[in-house]
Amino acid sequence: MAFDKLTPDEAASIIENGATLGLSGFTAPGTPKGITEGVAAKAKKEHDAGREYKVNIFTGASTNRHVDTILSEYNAINMRAPYQNLPGSRARINSHDIHYNDRHLSEMSQETRYGFYGDIDFAIIEAADITDDGKILLGCGVGNIPTYAKMAKKIFVEINHKLPKSLMGMHDIALPLDPPYRREIPIYHANDRIGTPYLQVDPAKIVGIIDTDEYDGVKSFTAVDETSTKIGNNVVSFLLQEYRAGRLPKEFLPLQSGVGNVANAVLYGLAEAKELPNFMMYTEVIQDAVLELMKRGKCTFASTCSMTFSDKTEEELFSNLDFFHDKILMRPAEISNNPEVIRRIGVIAMNTALEADIFGGVNSSHVLGTKMMNGIGGSGDFTRNAYLSIFSCPSVTKGGVISNIVPMVTHTDSSEHSVDVIVTDQGIADLRGLDPVQRAERIIENCAHPDYKPLLRDYLKMGINGVGGQTPHTLRHAFAFHNAFNETGDMRNANFS
């Protein structure tokens with residue numbers, strides 16, 4: 001059947017106040033780039049006329065300037081889930097203009113199908129191609145769009161002419177059945193395929209096609225600095241230690257890696273670790289470093305939800321798809337982050353923390369416990385179910401006035417029950433098999449910055465000799481570091497008197 005061609009403004013004219021939009025993509029790749037700008041323009045007109053106009057935005061993860069940035073600029077978002085990472089939406093969330101539901105990424109799709117969040121009015125799908133019978137070749141990110149498209153009352157498709165049709169075969173689209181009919185997900189190795197290379201939708205629900213012509217707009221990461229390099233080297237040293245000790249199998253295990261400079265530093269460090277065998281990845285995002293590792297032959301395969309490459313690397317990918325085509329497979333977030341699969345195949349999880357406390361708790365989402373930064377993302381999906389769960393962060397930031405190793409985290413995203421290893425530029429704290437006080441002693445000695453070790457030792461000693469208990473927090477002073485920063489601008493001024 002022939003689909004109508006629409007402009008972004010024409011599409012937006014159909015989207016009413018209060019509508020819920022389910023968007024394709026995971027991080028910027030695969031995320032729509034046209035219709036949401038039309039929605040933002042409509043919001044401005046409606047607000048200028050004194051009328052309410054906001055929509056609910058459901059995604060796979062973070063988005064791009066065409067979604068969170070411009071919709072936040074015009075205060076056009078009512079409710080947002082499950083993850084974001086852009087300054088505009090962050091500011092709106094922290095001022096309560098956006099109702100932000102920060103969810104584990106693996107759960108959003110099934111919770112939507114369970115009816116927890118109501119109807120999906122419109123699905124907006126970025127695609128490389130579409131057939132008359134509704135077979136959609138997705139772009140460079142999948143996210144939760146198989147569920148959103150299934151549930152949506154109406155569908156818009158954005159054909160992005162930057163995307164080559166030769167992406168066909170690089171997607172593996174499958175959804176589990178819902179309870180009580182759910183069966184096992186038959187993935188036993190990172191490169192197992194279980195679904196179709198396209199997204200099948202009901203063509204009768206497609207309202208129209210919108211043309212776009214843009215790369216995903218992912219900026220290149222800044223050069224790996226000295227601190228990130230030290231962290232990366234420490235993670236690699238730990239993995240080498242485990243491999244030599246026989247606590248990792250001789251074939252090695254698939255890796256999951258978060259996003260950012262530290263993650264890139266770890267991956268580049270693995271490329272130089274000749275003793276470690278070549279490896280596969282089972283992760284939610286692959287970034288520029290992974291493509292480089294594939295060219296070197298170190299990473300042989302990557303299962304992911306998104307190819308989060310800078311524009312330059314995305315161009316390189318498209319120019320060399322014959323080489324990369326059989327080395328990358330993109331899946332829905334419900335599969336890429338699935339706890340069952342993560343535990344079965346033994347993923348080594350490597351994620352970053354905003355702060356960690358001396359007993360092993362991790363805060364990955366809230367600055368000083370109150371201000372949302374990005375969200376928990378997929379770190380919890382992997383952390384709780386990994387063969388090994390590693391969190392890394394710099395020991396200090398902001399020139400040393402903030403210690404990222406603190407007495408007690410101000411917000412807990414991953415508890416000490418799920419965290420195996422903490423790594424900073426100072427060293428490695430292997431927490432397996434330790435009681436809380438032993439964990440604290442190891443984290444302080446191995447991971448804290450020298451400027452903060454005396455303060456952290458004093459806090460631990462005060463707890464042991466004072467209130468006692470298995471986890472000897474002194475509640476009166478648990479947030480002394482954070483209070484000192486709020487009052488003086490420097491955590492080194494913490495006072496336990």
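Hydrogens, waters and symmetry mates are skipped; everything else that's a heavy atom, side chains included, is used.
In Arg384, the CZ atom is not crowded: 12 or fewer heavy atoms of neighbouring residues, nucleotides or ligands sit closer than 6.0 Å. No more than 12 heavy-atom neighbours from other residues, nucleotides or ligands sit within 6.0 angstrom of NZ on Lys150. At most 12 heavy atoms of other shown residues, nucleotides or ligands fall within 6.0 angstrom of atom CD in Glu226. Residue Arg476 places its CZ atom among 12 or fewer non-hydrogen atoms of other residues, nucleotides or ligands, all under 6.0 Å distant.
Using a 3.5 Å distance cut-off with no hydrogens or angles, the side chains of Ser95 and Asp97 do pair a donor with an acceptor. With no hydrogens or angles considered, a side-chain donor-acceptor pair links Arg331 and Ser303 at under 3.5 Å. A donor atom on one side chain and an acceptor atom on the other are found under 3.5 Å apart for Glu111 and Tyr117. For the residue pair Thr283 / Ser257, no side-chain donor-acceptor distance below 3.5 Å is found, with atom types taken as modelled. Inspection of the Thr308 and Ser306 side chains reveals an N or O donor paired with an N or O acceptor under 3.5 Å. No side-chain N or O of Asn85 forms a donor-acceptor pair with one of Asn374 less than 3.5 Å apart. A donor atom on one side chain and an acceptor atom on the other are found under 3.5 Å apart for Thr488 and Asn493. Remark: the Arg113 side chain and the Thr147 side chain contain an N/O donor-acceptor pair separated by less than 3.5 Å. Between the side chains of Asn337 and Ser106, not a single donor N or O lies within less than 3.5 Å of an accepting N or O. Side-chain atoms of Ser395 and Asp425 form a donor-acceptor pair, as typed in the model, at a separation below 3.5 Å. Checking Glu355 against His482 by side-chain atom types alone, a donor-acceptor pair falls below 3.5 Å. No hydrogens or angles considered: a donor-acceptor pair under 3.5 Å links the side chains of Ser497 and Asn495. Looking only at atom types and distance, the side chain of Thr63 has a donor-acceptor partner in the side chain of Asp68 under 3.5 Å away. Residues Asn264 and Gln287 bring a donor and an acceptor atom of their side chains to less than 3.5 Å of each other. In this structure, a donor-acceptor pair under 3.5 Å is present between the side chains of Asp413 and Ser365. For the 3.5 Å distance criterion, the side chains of Gln84 and Arg92 fail to qualify, holding no donor opposite an acceptor. Using modelled atom types, one finds no donor on one side chain facing an acceptor on the other under 3.5 Å when comparing Ser389 with Asp420.
Nearest heavy atoms, Asn64 versus Leu86: O-CD1, 3.4 Å. Across Gly22 and Ile145, no two heavy atoms sit closer than the pair O-CD1, 3.8 Å. Closest approach of Val396 and Ser403 over heavy atoms only: CG1-CA, 4.2 Å.
Judged by distance alone, with hydrogens and angles left aside, the side-chain atoms of Thr313 form no donor-acceptor pair with the main-chain N or O of Phe309 at under 3.5 Å. Formation of a donor-acceptor pair under 3.5 Å by the Arg442 side chain with backbone atoms of Asp430 is found in this model. Under the 3.5 Å distance criterion, the side-chain polar atoms of Thr229 are matched with a main-chain donor or acceptor of Asp225. The main-chain N or O of Thr424 is found under 3.5 Å from a side-chain atom of Asn234 such that the two form a donor-acceptor pair. In this structure, Arg103 contributes its side chain and Met108 its backbone to no donor-acceptor pair below 3.5 Å. For Asn385 (side chain) and Arg343 (main-chain N/O), no donor-acceptor pair under 3.5 Å exists by modelled atom type. Under the 3.5 Å distance criterion, the side-chain polar atoms of His66 are left unmatched by any main-chain donor or acceptor of Thr36. Within the 3.5 Å criterion, the main-chain N or O of Val409 finds a donor-acceptor partner in the side chain of Asp357. A donor-acceptor distance shorter than 3.5 angstrom exists from the side chain of Gln438 to the backbone of Asp435, with no hydrogens or angles considered. Side-chain N or O atoms of Arg247 include none that pairs as donor or acceptor with a backbone N or O of Leu239 at under 3.5 Å.
Taking 4.0 Å as the cut-off between side-chain N and carboxylate O, Glu272 and Arg296 count as a salt-bridged pair. Taking 4.0 Å as the cut-off between side-chain N and carboxylate O, Arg244 and Glu275 count as a salt-bridged pair. Using a cutoff of 4.0 Å between basic side-chain nitrogens and carboxylate oxygens, Glu184 and Arg344 are not scored as salt-bridged. At a threshold of 4.0 Å, the pair Glu340-Arg183 does not count as salt-bridged, since none of the basic side-chain nitrogens sits closer than that to a carboxylate oxygen.
The aromatic rings of Phe359 and His473 sit perpendicular, their planes meeting at an angle over 60°, well past the 30° parallel limit. Ring geometry for Tyr148 versus Phe58: interplanar angle of 30 to 60°, hence tilted. The aromatic rings of Phe481 and Tyr452 sit tilted, their planes meeting at an angle between 30° and 60°.
Taking CE of Met294 as the start and NZ of Lys327 as the end, the distance is 8.0 Å to the nearest 0.5 Å. Taken from CE in Met307 to CG in Asp288, the straight-line distance is 12.0 Å, to the nearest 0.5 Å.
Considering only residues two or more places apart in sequence or on other chains, Asp102 meets the salt bridge (Lys or Arg N to Asp or Glu O under 4.0 Å) condition with none of them.
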